[in-house]
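Taking it in order: structure first as structure tokens, then the write-up.
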Amino acid sequence: MEHSSNQPVVMGSFNTSLKGPSNRKAWLILLGVALVVALIIGFIIATMHKSPEPEADNSVPISENVGNVNLEITGVTPTTLKVKKGQQVTFTNHDTRNHRLTADQSVLPGFDSTEELATGDSYTYIFEIAGSFKYYDPADPKGFNGTIIVE
């Protein structure tokens, strides 16, 4: 069987000739698809190796004048409040139940509402000592507690 150099070589049913516009178009499409797939895989790999986001600081930043804490049905909001030394914080009861606030008196002397706060009542305390202070409602210390950070 003679072969002419102008004729494509046929092996089985696969044509290895790159001549003709339809074969070039098929190779270009295949190359384009391969490029898109490679880009997608590269993007997925790059996003998988991102460093984790830093943990959020759930404390409320220092305010200029007065800090406010709300006693609500679900607990205290915010649970952590940052204030400046000498700043006052007002605790207001927005819950339907009464609450009393206190702290360890050896750590934070004088922090005690002494009486229960009814709905709408407030208790204000001036934080004169720098540090981190936990407070709570003695009737529900696990559900109603928070921290004041004094800088």
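Because only heavy atoms are used, hydrogens play no part in the values below, and waters and symmetry mates are left out as well, while side chains stay in.
Screening Leu108, Val76, Asn145 against Tyr135 for a side-chain contact (heavy atoms from CB on, under 4.5 Å) leaves a single residue, Val76.
Counted by atom type alone, Thr80 and Thr147 present zero donor-acceptor pairs between their side chains at under 3.5 Å. No donor-acceptor contact under 3.5 angstrom links the side chains of Asp112 and Thr114, judged on distance only.
When every heavy atom of Lys134 is checked against every heavy atom of Ala103, the shortest pair comes out as O-CB, 3.4 Å. The shortest non-hydrogen separation linking Leu117 to Ser122 is CD2-O, 3.8 Å. Residues Asn68 and Leu81 share a closest heavy-atom pair of N-CD2, 4.1 Å. Of all heavy-atom pairs spanning Ser132 and Ile149, the tightest one is OG-CG1, 4.1 Å. Heavy-atom minimum distance, Val150 versus Lys85: CG1-CA, 3.5 Å. Heavy-atom minimum distance, Ile126 versus Gly86: CG2-O, 3.4 Å.
Note that the CD atom of Gln87 and the NZ atom of Lys82 stand 13.0 Å from one another [nearest 0.5 Å]. For the atom pair OG1 of Thr77 and CG of Leu71, the computed distance is 8.5 Å after rounding to the nearest 0.5 Å. Here the CG-CG distance, from Asp140 to Asp95, works out to 9.5 Å after rounding to the nearest 0.5 Å.
Placement of Phe144 and Phe133 within a single hydrophobic cluster is found when ILVMFWY residues are connected by side-chain heavy-atom separations under 4.5 Å, directly or transitively. Val69 and Tyr136 end up in different hydrophobic clusters when Ile, Leu, Val, Met, Phe, Trp and Tyr side chains are linked at under 4.5 Å. Note on Val36: it does not cluster hydrophobically with Leu28, by side-chain heavy-atom contacts below 4.5 Å among ILVMFWY residues.
The neighbour count for Gln105 CD, taken as heavy atoms of other residues, nucleotides or ligands under 6.0 Å away, is above 12.
Under the 3.5 Å distance criterion, the side-chain polar atoms of Asp137 are left unmatched by any main-chain donor or acceptor of Leu101. Remark: the backbone N or O of Arg97 is paired with a side-chain donor or acceptor of Asn93 at under 3.5 angstrom. Asn70 places no side-chain N or O within 3.5 Å of a backbone atom of Glu72 that could act as its donor or acceptor partner.
Taking the six-membered ring where the residue is Trp, Phe91 and Phe111 present perpendicular rings, their angle passing 60° and hence far from 30°.
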Inset, instruction - Starting from the C-alpha separation in whole Å, work towards a yes-or-no answer on side-chain contact (heavy atoms from CB on, under 4.5 Å) for Glu151 and Lys84. - result: CA-CA 5 Å; Glu151 298 179 339; Lys84 295 177 184 176; 6.0 Å; no
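A 4.5 Å side-chain heavy-atom check between Thr90 and Tyr123 finds every atom pair outside the cut-off.
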